[in-house]
Amino acid sequence: MQKQDLKIYNTLSRELEKFEPIHEGHVGMYVCGPTVYNNAHLGNCRTYISFDVIYRYLLHCGYKVRYVRNITDAGHLENDADEGEDKIGKKAKLEQLEPMEIVQRYTLDFHHVLELFNTIPPSIEPTATGHIIEQIEMTKTILENGFAYEKNGTIYFDVEKFSKQNNYTILSGRNLDELLNNTRELGGQEDKNGRLDFALWIKAKPESIMRWQSPWGDGFPGWHIECSAMSSKYLGNEFDIHGGGMDLIPTHHTNEVAQNIACHQKSPARFWIHTNMLTVNGQKMSKSLGNSFLPLELFSGNHKLLDKGYSPMTVRFFMLQAHYRSTLDFSNEALQAAEKGFVRLMNTMKLIDGLKTSEQTTSNVKLLTSNIYDAMNSDFNSPIVLAHLFEGVRMINAVHIGTEKISIEDKNSLSKLMNDFVFDILGLKEENAVNTDKIDGLMQMIFHIRNNAKTNKDFKTSDEIRDELKRLGFEIKDGKEGTSYTITN
Ligand code: AMP
Ligand code: ZN
């Protein structure tokens with residue numbers, strides 16, 4: 001395995017490029033984290049699972065990786081715009097809670113879900129509100145450098161001025177003149193000089209509870225400056241990898257690059273990695289389109305589009321079957337196939353240690369090893385890696401039933417290869433398969449006891465049973481046809 005063979009598709013150049021870190025042996029990687037105003041949906045999870053595999057492979061290659069993934073807990077307005085309500089503030093109002101209660105609830109949910117998917121936590125997880133000072137400082141420097149202007153307590157980035165000396169659309173490859181000359185009205189954003197200008201700092205409305213002091217009065221940071229400030233604080237003005245979903249390219253990441261150049265005269269990252277979307281019937285999964293699945297709905301099968309529940313590792317396996325730059329369409333059939341594939345892989349992994357060895361080998365372990373590394377080095381191509389791992393599965397089963405032979409050296413190499421890739425790099429893990437028939441039997445027995453209690457007017461016991469089941473994650477429903485249950489966690 002040669003880590004110097006790793007090639008990554010760089011959105012900046014739109015080409016596969018050889019990966020070489022700025023500081024030998026060290027990699028700095030920043031990935032835009034979630035805005036914690038609701039439960040992370042499966043699409044969000046796809047992006048973080050993709051970066052988890054990238055992180056794991058970089059670690060496997062021996063790099064010391066500093067992986068920074070932020071939490072956006074303020075400044076992200078509705079429609080990703082500079083006007084409108086803060087997503088978190090809005091939810092807080094709706095639920096009559098403090099914004100920080102919303103942040104806490106959904107940060108915990110995010111961590112819980114990513115843990116179920118067996119992702120490794122980042123090395124640093126900074127919050128936007130914990131870095132207001134850095135964001136104000138950066139805004140001040142951009143103002144001093146002449147790339148921003150103030151209007152009524154809001155600071156805007158001057159895109160037209162910036163683009164006279166720099167390529168503003170370098171990431172998206174869009175035509176700047178078309179964007180600038182687009183005749184669309186500024187639409188309630190008359191304070192801006194140009195329609196591409198965006199806010200670095202936004203004046204708080206009198207009623208807004210999300211506000212911080214600044215040299216320009218009370219306000220809050222723009223979403224884009226948050227990531228610029230946090231990435232440069234922890235990774236320096238120039239680092240190796242910046243990532244996020246593809247939907248962030250035209251605005252959020254384009255603006256991050258502009259801010260960093262306007263502040264530090266340096267583009268932040270050498271490599272920009274963008275993950276493609278999880279789709280449902282070809283449409284991006286998103287909360288606002290109403291086609292999103294929550295991971296817990298998928299695990300329990302408690303969703304109108306699902307035939308049954310799927311375990312977290314089945315879902316992770318399903319996601320790995322697509323390359324991170326391709327879209328992945330959600331379907332029951334694909335999940336069922338993934339479930340079969342995952343079980344077969346796990347069952348085969350248990351056979352490796354017990355394989356009998358021979359004098360010679362009939363299987364080509366060397367070729368398999370190089371095929372697997374080649375696929376991974378070719379922009380983390382997990383579907384090809386999986387296809388080759390199944391060649392490994394075939395070999396192991398063939399040796400197990402005696403139709404092929406393996407030497408002790410090859411058995412050790414094959415065991416290391418399979419274990420490294422299946423568990424350490426792709427991040428799959430053995431799951432205790434829950435025997436649903438047994439659970440069903442137990443539940444029927446409990447319902448019987450509860451019904452007897454009810455018949456005897458012992459409602460204390462019947463309620464206790466219901467509450468305790470709820471605490472354990474079983475929601476029960478009394479209906480005309482008896483009692484049914486759903487697993488909620
Ligand atoms: P947000 O919390 O909306 O800022 O999104 C968090 C991350 O999830 C971003 O990197 C988005 O690009 C990514 N994302 C959102 N929707 C999807 C989707 N359907 N498929 C894959 N990634 C997504
Ligand atoms: Zn970001």
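Counting convention: from 1, in listed order, for ligands and their atoms alike. Computed from heavy atoms alone, side chains included, the values below leave out hydrogens, waters and symmetry copies.
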Ligand 1 and [X], any nitrogen or oxygen pair closer than 3.5 angstrom?
X	value
Gly245	yes
Cys32	no
Asp247	yes
Thr275	no
Gly33	no

Within 6.0 angstrom of [X] [atom1], more than 12 heavy atoms from elsewhere:
X	atom1	result
Leu108	CG	yes
Lys151	NZ	yes
Lys308	NZ	yes
Glu95	CD	yes
His303	NE2	yes
Asn175	CG	yes
Glu430	CD	yes

Angle subtended at the Zn ion (ligand 2) by Cys227 SG and Cys32 SG, rounded to 10 degrees: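 Cys227 SG and Cys32 SG form an angle of 130° at the Zn ion (ligand 2).
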Whether His274 and His253 hold their rings parallel, tilted or perpendicular, with breakpoints at 30° and 60°: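 Rings of His274 and His253: tilted, 30 to 60°.
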Looking at [atom], what's its closest protein heavy atom, distance included?
atom	value
atom 23 (C) of ligand 1	Gly43 O, 3.5 Å
atom 9 (C) of ligand 1	Leu248 CD1, 4.0 Å
atom 8 (O) of ligand 1	Asn44 ND2, 3.1 Å
atom 20 (N) of ligand 1	Leu278 N, 2.8 Å
atom 4 (O) of ligand 1	Thr35 OG1, 3.7 Å

Reference residue Trp216; test side chain to side chain contact (heavy atoms under 4.5 Å, CB included); the match among Thr154, Leu143, Asn152: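 With Trp216 as partner, Thr154, Leu143, Asn152 yield a single side chain to side chain contact (heavy atoms under 4.5 Å, CB included), made by Leu143.
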His224 near the Zn ion (ligand 2): N/O/S under 2.8 Å: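 Looking at His224, which is the residue asked about, there is no N, O or S atom under 2.8 Å from the Zn ion (ligand 2).
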Any N, O or S atom of His252 closer than 2.8 Å to the Zn ion (ligand 2):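 A backbone or side-chain N, O or S atom of His252 is under 2.8 Å from the Zn ion (ligand 2).
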His41 touching ligand 1 at heavy-atom level, < 4.0 angstrom: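 Judged by the 4.0 Å heavy-atom criterion, His41 does count as contacting ligand 1.
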Within-shell test, Asn276 vs ligand 1, heavy atom, strictly < 4.0 Å: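 Under 4.0 Å: yes for Asn276.
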Within ligand 1, which atoms have a heavy atom of [X] less than 4.0 Å away?
X	result
Met285	16 (N), 18 (C), 19 (N)
Lys284	16 (N), 19 (N)
Tyr48	6 (C), 7 (C)
Thr47	10 (O), 13 (C), 21 (C), 22 (N), 23 (C)

Salt bridge present between Asp218 and Arg211 (N-O < 4.0 angstrom):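 Here Asp218 pairs with Arg211 in a salt bridge, since their nearest N and O are under 4.0 Å apart.
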Cation-pi check, Arg69 onto Phe51 ring (under 6.0 Å, within 45° of axis):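 So Arg69 doesn't make the cation-pi contact.
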Tyr67: which of Tyr30, Tyr48, Tyr55 passes ring pair (Phe, Tyr, Trp, His ring centres under 6.0 Å):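 The residue from Tyr30, Tyr48, Tyr55 that satisfies ring pair (Phe, Tyr, Trp, His ring centres under 6.0 Å) with Tyr67 turns out to be Tyr55.
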Nearest neighbour of atom 18 (C) of ligand 1 from the list Met277, His76, Gln283, Met319, on a heavy-atom basis: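 Among Met277, His76, Gln283, Met319, the closest heavy atom to atom 18 (C) of ligand 1 belongs to Met277.
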